[in-house]
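Shown next, in structure tokens, is the structure this report addresses.
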Amino acid sequence: MDDTSEEQDGKAQSIAGQRAIKRLMVPVRKKIRIAQLLAFLSGVLSIAPYVALVELGGALLGQFDPDRAWRIVMILIGAYTTRLFLYFLALLATHVVDLDLRSQMRREITNKLARVELSWFTRTSSGQIRKSIQDDTATAHTVIAHGPVEKLNAIVSPVCLLAYAFYLDWRLGLLSIATFPLYLGMYGLSMRGMGEKTAQMDTKLARVSSTMAEFIAGISVVKAFGKVGQAHRAYLEAAGQFSQFYHAWAMPLVSMSCLSFSWVSIPVLLVVNLGGGAALLAAGVVTAEKVIATTLIALVLPGAVMTVAMISWSYQLAGSAAVRLVNMMDLPVLTWPEIGMQPTSFDIRVQDVSYSYGETRALDQVSVEIPQGAVTALVGPSGSGKSTLATLVARFADPDEGRISIGGVDLMDMDEQTLYDTVAFVLQDAQLIRDSLAANIALACPAASLDEIRQAAQAACIDDFIMSLPRGYDTVVGDDTQLSGGQAARIAIARALMKDAPILVLDEATAMADPESEALIQQALTRLSQGRTVLVIAHRLASIRGADQIVVMNRGGIQACGTHEQLLGNAHYQALLAQGEVKENVK
Ligand SMILES: Nc1ncnc2c1ncn2[C@@H]1O[C@H](COP(=O)(O)OP(=O)(O)OP(=O)(O)O)[C@@H](O)[C@H]1O
């Protein structure tokens, strides 16, 4: 991507970020307004010390009046305490709002995740989800809890102070901002395009962290093949690009903003305000206390501009986080009927089903009948749409076109409980949870007794292994032990056996298992398949030969359907067998 399109992209991201922040704040807008009202009042009261200074000067330096001086001090203390108290209340209110909003967003996202299409999880990493729920909600903190109050205070306070300086004497007022146009002009120039640049920085940083994550995730393979240099090149390139971009952006920015600050540095402000003030004093048009008050006001004004700039930048930084949060909240969810229909038989009918992942058409007008109580094997080259078809039957997503029904009932007319009581699946990635082996097996029926769990484990050929572990069925996956792919697959089969659903969607997870483990898995699968409607993504010739029906897929369509013997004359089927897309059983 060239610099101009990156900048345009950055601009669009920056606008989208600010829109997303506004959208996130909608539920708390009223409360934020109340906090801002408190911050406004506190900002107005910031003039109290300067008013007191001038009045005290009058009471002590002019006609000496200790009672009046005392009253002024008391009023000053009261006003100053009230200012601090109001500011404290405003920040307290926004922090409470922030905590509420963050927990509301986290709850909303987790509720969403519970209803989102299961296929979304296959294309989204757990790292991305964790980042949104944990980090992005925390990034939003500055713009919810601090931004609205601190920015308003940083604007109201100097405006009131300036108004008071002009009220004291317009010439002193002008002196207090004499160098400001130069400062603001140069500072404004240095900050040009800040929003776009910040969005670009975020994109480049994300690239650095994703290339780093890819490099670390694949380090063992990369090392084993002696390609370390090649693999971390992507990371080095991303880091180099970020460094060049940051250097090109930050160097002129830093020098320009340093130059701009010199116009409001303390010596310059003192020379201008005290020098000019002394001249006016000598001319007898102002008093000493007024000169001191306006000089002090001039000294605090640049800080306020800095605060506004810093908070504006934090809004830019929070923009990308807000966009990710809004995207999560807007995820499309599967809808389920309140009262679902119950299938009375368990044959599956796929009618004219099409499904695309973005631009990729994975299934194109697929129709197939999967008879009850029989084993149907899906075979086809890699990418032909086998997994997509199998997961649509388990309603991981809804077809773009066409319908899938079980026992004549459209999947969309079944409630969630009925569907998942009817369909169990064992996929390549066994997905064990960080809990005891017993809990992993009894996931679908937590009330199951240890005896029942052991029966399922025995049928899945994994009981012996579990009993050999020091903590047996209490062994916690991930903490006490790590399981091999074959062992995890058998736990998943035991889990499906316990669930005892009439339909089984199966991706033969034997590809990576050793021969002994493969034989055990095969034995377990045979037991699991008995008496059920089975849709299996087959990787072995043995399971294909034994299947009641073989569906040959290619490029998202069905090429042929029949038994092994019937298909032997089919060119696609022969090609699959010849190319070894399905392998001989090792048993
Ligand atoms: N999450 C995804 N995002 C984008 N495209 C995808 C996704 N999953 C699959 N595809 C694409 O959809 C098509 C069908 O993929 P699918 O995984 O269903 O095929 P498959 O026959 O099961 O392949 P394999 O045997 O390699 O698992 C392929 O072109 C694939 O690249």
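Note that ligands are numbered from 1 as they come in the structure, with each ligand's atoms numbered from 1 the same way.
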Could you list which atoms of ligand 1 come closer than 4.0 Å to a heavy atom of [X]?
{"X": "A362", "answer": "12 (O), 13 (C), 14 (C)"}
{"X": "P381", "answer": "21 (O)"}
{"X": "S384", "answer": "19 (O), 20 (P), 21 (O)"}
{"X": "G383", "answer": "13 (C), 14 (C), 19 (O), 20 (P), 21 (O), 23 (O), 24 (P), 26 (O), 28 (C), 29 (O)"}

Practice task
Answer yes or no: does an N/O atom from T360 fall short of 3.5 Å to an N/O atom of ligand 1?
Solution key: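 No, T360 has no N/O under 3.5 Å of an N/O on ligand 1.
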Exercise for the section: Out of I537, L392, T388, indicate the one that has the non-hydrogen atom closest to atom 16 (P) of ligand 1. Expected result: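 Minimum heavy-atom distance to atom 16 (P) of ligand 1 goes to T388.
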Exercise for the section: With I503 as reference, evaluate L419, I348, V534 under the side-chain contact (heavy atoms from CB on, under 4.5 Å) test and give the passing residue. Expected result: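 The side-chain contact (heavy atoms from CB on, under 4.5 Å) with I503 is passed solely by I348 among L419, I348, V534.
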Problem - Whether G385 lies under 4.0 Å from ligand 1, heavy atom - result: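 It does, in that a heavy atom of G385 comes within the 4.0 Å cut-off of ligand 1.
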Problem - Donor-acceptor side-chain pairing of Y473 and D463 below 3.5 angstrom - result: yes
Exercise for the section: Would you kindly say whether Q351 and S367 are connected by a side-chain donor-acceptor distance under 3.5 Å? Expected result: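 The criterion, which ignores hydrogens and geometry beyond distance, is not satisfied for S367 and Q351.
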Handout entry: NZ or CZ of R395 within 45° of W336 ring axis and under 6.0 Å
Key = yes
Practice task
May I ask you to check if K204 and F245 form a cation-pi contact, with NZ or CZ under 6.0 angstrom from the six-membered ring centre and within 45° of the axis?
Solution key: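 Judged by the rule (NZ or CZ under 6.0 Å from the ring centre, within 45° of its axis), K204 counts as positioned above F245.
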Exercise for the section: Look at R532 together with D500 and state whether they make a salt bridge at an N to O cut-off of under 4.0 Å. Expected result: yes
